[in-house]
Amino acid sequence: ASELCALATKQWRVTNYWKESIGMWEKYLRVRAPLLVLVFYLFLSLGLLIWHLWSPFVGKWEPIVTGVIAGAFIAVLQFSWDWLDAKGVAKLKSLKVSNVLVTRDEEEYYRSKIEGSKRKIDLLGSTASRFLRDFADGSTTREDKKVLLRALERNVSVRILVAEEKFLPDDEARSQARLAKVRMKELGTKYSGFKVRYYSHSAAHSVFLVDDLCMVGPIFADRMSKDTPAIEMLVESPLVAVYLEHFEAEWKGGVSIGED
């Protein structure tokens, strides 16, 4: 039995070694192959150019040679452009950026994230009135307006953090906040996993966290939140850490809905 175990271990090591070697060569070829082709093409073009200058091609060969040389120049420009573009994409990937939204007026986007939630949903915003109206409407028969309620029924933890009414910019926002407060009290009574707290300053940032995905963006006093941009990132992104720390600090110092 021990000999069979040793043989199996050796076989596994050999197999693993070859898998790692093949993976390394695949990665090398994927990165280097285009560059090697370009270098070969440039040397070929340079050789033809020198040959053409030393002993000019005539007849049918002249357009072929000049075409190859012109093609090499275009290839260099294209490769340079693609390389710069690839560097930008690689930078975004290293920061774990998965999406950029020009506006946050994307109801279906939020709905799909809430529907797929498994553990937690955190929202930092101004009043959360639109969020509750779009996804926690108990007065409608439309199921697409109840996805937050379904998440709470799945025991998903929901935390909402919004500004105190006195720090909102205008009467309309304060009116929306009062309506939202009534609804949030109802949800807090019905669902133990639904929590709300208020922070004591003007709204400046928006955070929408669902499990391992986080979307952050600005809040402007003179513009509705749905008309502002946002960036979607994985929670391990170094850019997200400061927003999550900010959320936890505000949550710790916030006032619960029953204490205000």
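What you see below is based on every heavy atom in this structure, not just the backbone, and it leaves out hydrogens, waters and symmetry mates. Along the sequence shown, the residues carry numbers beginning at 1.
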Polar contact flag, side-chain donor to acceptor under 3.5 angstrom, Ser200-Glu164: yes
Student check: side-chain heavy atoms of Asp227 and Phe220 closer than 4.5 Å: no
Stepwise side-chain contact (heavy atoms from CB on, under 4.5 Å) test for Leu239 and Ile231: CA-CA 10 Å; Leu239 297 179; Ile231 300 175; over 6 Å; no
Distance-minimising heavy-atom pair for Asp137 and Lys146: O-CG, 3.5 Å
CA sep, side-chain torsions, deciding dist, call: His201, Glu250, side chain to side chain donor-acceptor pair (under 3.5 Å): CA-CA 10 Å; His201 56 79; Glu250 292 282 15; 2.5 Å; yes
Shortest non-hydrogen separation from Cys214 to Leu244 and the atoms involved: SG-CD2, 4.1 Å
Asp122 side, atom CG; Lys195 side, atom NZ - distance, nearest 0.5 Å: 13.5 Å
Atom of Ser117, atom of Val210 and distance for their closest heavy-atom approach: CB-CG1, 3.6 Å
Single-linkage hydrophobic cluster Met233~Val235, side-chain heavy atoms < 4.5 angstrom: yes
Short N-O contact, Asp134 and Arg111, less than 4.0 angstrom: no
Arg197 side-chain N/O to Trp251 backbone N/O, donor-acceptor pair under 3.5 Å: yes
4.5 Å side-chain heavy-atom contact, Tyr109 and Ile114: no
Nearest heavy-atom neighbours spanning Ala136 and Leu187: CB-CD1, 4.1 Å
Atom of Gly138, atom of Arg183 and distance for their closest heavy-atom approach: N-NH2, 3.3 Å
Carboxylate-amine/guanidinium proximity below 4.0 Å for Glu106 and Lys113: no
Mutual orientation of the aromatic rings belonging to Phe135 and Tyr110 [parallel < 30°, tilted 30-60°, perpendicular > 60°]: tilted
Minimum-distance pair of heavy atoms, taken over all atoms of Ala128 and Leu123: CB-CD2, 4.0 Å
Atom pair CG (Leu209) and CD1 (Ile121), whose distance is rounded to the nearest 0.5 Å: 9.0 Å
From Asp144 atom CG to Glu115 atom CD, the distance as rounded to the nearest 0.5 Å: 8.5 Å
Student check: side-chain heavy atoms of Glu153 and Lys190 closer than 4.5 Å: no
Verdict with supporting geometry, Leu234 and Val240, side-chain contact (heavy atoms from CB on, under 4.5 Å): CA-CA 8 Å; Leu234 299 178; Val240 170; over 6 Å; no
Nearest-0.5 Å distance, NZ of residue Lys145 to CG of residue Leu132: 12.0 Å
Donor-acceptor contact below 3.5 Å, side chain Thr189 vs main chain Lys185: yes
Derivation and outcome, side-chain contact (heavy atoms from CB on, under 4.5 Å), residues Leu124 and His246: CA-CA 10 Å; Leu124 168 65; His246 175 68; 3.9 Å; yes
Distance-only side-chain donor-acceptor flag, Glu165 / Tyr198, under 3.5 Å: no
Salt bridge Glu107-Arg130, side-chain N to carboxylate O under 4.0 Å: no
Flag, side chain of Arg174 to backbone of Leu168, donor-acceptor distance under 3.5 Å: yes
Distance (rounded to the nearest 0.5 Å) between Tyr199 OH and Leu161 CG: 6.5 Å
Salt-bridge present (Asp211, Lys118; N to O < 4.0 Å): no
Glu232 vs Phe208, side-chain contact (heavy atoms from CB on, under 4.5 Å): CA-CA, chis, key distance, verdict: CA-CA 9 Å; Glu232 177 192 280; Phe208 176 61; over 6 Å; no
Distance in Å, Ser129 OG paired with Lys181 NZ, rounded so as to fall on 0.5 Å steps: 14.5 Å
